[in-house]
Amino acid sequence: AGPCDIYASGNTPCVAAHSTTRALYDAFTGALYQVKRGSDSTTTTIAPLSAGGVANASTQDLFCKGTTCLITIIYDQSGTGNHLTQAPPGGFKGPAAGGYDNLASATGAPVTLNGQKAYGVFVAPGTGYRNNAAKGIARGDAAEGMYAVLDGTHYNGACCFDYGNAETNGKDTGNGHMETIYFGNCNVWGTGAGKGPWIMADLENGLFSGVNTKNNAGDPTLNYRFLTAIVKGQPNQWAIRGANAASGALSTYYNGKRPNANGYNPMSKEGAIILGIGGDNSHGAQGTFYEGVMTSGYPSDATEAAVQADIVAAKYATASLTSGAGLAVGASISLRAATGRYLARDSSNITAEAVTSSSDASLRRSASWIVRTGLGNGACFSFESSDAPSSYMRHMNSTLLLESDDGSKDFAEDATFCPELGFNGQGHSIRSWNHPTRYIRHYSQVAYIASNGGVNTFDDAVDFHENVIWEIVEGFAG
Ligand code: AHR
């Protein structure tokens, strides 16, 4: 039985069931998610390979071949119609057109389940999904449960990587108006043991790790690559639970009364659904979502134990983040655009320059890069300047810059790139690890990380595919 069959037999049925990786009911054969491709803005849906099975990722791979793809809809498998789509502006406006949040790349979070390829939802800061007109989700103080399978190594400290119950108008309407799973190391409100990340509950105007509004040492720092996170709530009672999604059983990190603060008992849940954002559309957070559900009623620990066993049996494992010709760590490379120009540093700017083997030594050095293991993710790469040791290509506000490594998590992530087989079937297209809708692009000879048809001038869809192709050749500096 799938997770939602298990919840149903425990009399706490799913009222929302979201996953881009697999069916959450044994009999489910419908659409899991929809993708939209950049080349012609058409869409297709991805369904399981068989009833109850893993997503048919090859449908996506074929449809998206040679172009970019975004996840436009995450369908609700419960039959309630609680689909998730691009989050609209709320208390905060999103970065996309009309104040909407960004959509996730369809290829940012590849995994395998029982050896079969599938894709999760990689939420970069600015990304968010929502359903403000959801049906059947708990309101007021009604009981509910939820779980999500997340990437425990992809998080940050911003507000708020959430999945669950939120306001129907996208605004902060007061304490107790939300009840979601939160994952990350935000320390503005609650914290747990260690430095985080922690599973907490976003109950509005606070992330809670237990009964105290600040620290609760019972909520541990977790860093499982695949993480099962649970939050459930009923009148004056709630719990935080978690586990390694790849093995073992759930632990309970909190189980008790509502937090010691006004407005959380009774709760005033509103019954909208969010993914990747806060209740008021705060969108600074990052994380990766593979699957999750919301139930009607308070699931028993025994029901959740059976769900965890089902998640473990799905056998989540990592998949390659790169494709095309492999890069050798330590090699000296230069990156040539179709225009014949090379990516070079000019002070802290990175531009496309005309360079030849007879250019002077300093220009040749400025167009040469040493391949390093990705500072932010060892499955991808970082590019250190041959001209400025310990300085790396990194993006900031979507512009590519050369900066010296300050040792921070932000620097490491902004300096990590995942080369893929080029969109033209040759060379490479080089994806930003932490903003996977974005690729290294030259635009008016300046280097950016650009999204296909995004809101910036340098995101222009015209010539996008050509301008993100790089021939990786032996470095001029040797
Ligand atoms: O509760 C934490 C956050 O506070 C909520 O997600 C958001 O609505 C508010 O900014």
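Both ligands and their constituent atoms are indexed starting at 1 by order of listing.
- Every pair passing salt bridge (Lys or Arg N to Asp or Glu O under 4.0 Å) that includes a residue from residues 287-310 is listed here, sequence neighbours excluded: R22-E291, R22-D310, K232-D301, K232-E304, R241-D301, R241-E304.
- With respect to F122, the ring-ring contact (aromatic ring centres under 6.0 Å, His included) criterion is satisfied by exactly one of F289, F161, W433: W433.
- E144 places none of its side-chain heavy atoms less than 4.5 Å from the side chain of Y298.
- Within 4.0 Å of ligand 1, counting heavy atoms only, the contacting residues are C159, C160, D162, M178, W189, D202, E204, N205, G206, G278, G279, D280, S282.
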Please tabulate, for the side chains in residues 8-18, all donor-acceptor contacts under 3.5 angstrom to protein atoms that are two or more places apart in sequence or on a different chain.
unit_1	atom_1	unit_2	atom_2	d
S9	OG	D5	O	3.2
S9	OG	I6	O	3.0
T12	OG1	Y7	O	3.3
H18	ND1	Y163	OH	2.8
H18	NE2	N82	O	2.7

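- Proximity of a side-chain donor or acceptor of T295 to a complementary backbone N or O of G145 within less than 3.5 Å is detected.
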List the atom pairs, donor and acceptor, that lie under 3.5 Å between side-chain atoms in residues 195-202 and the rest of the protein, sequence neighbours left out.
unit_1	atom_1	unit_2	atom_2	d
W198	NE1	A193	O	2.7
D202	OD1	E204	N	3.0

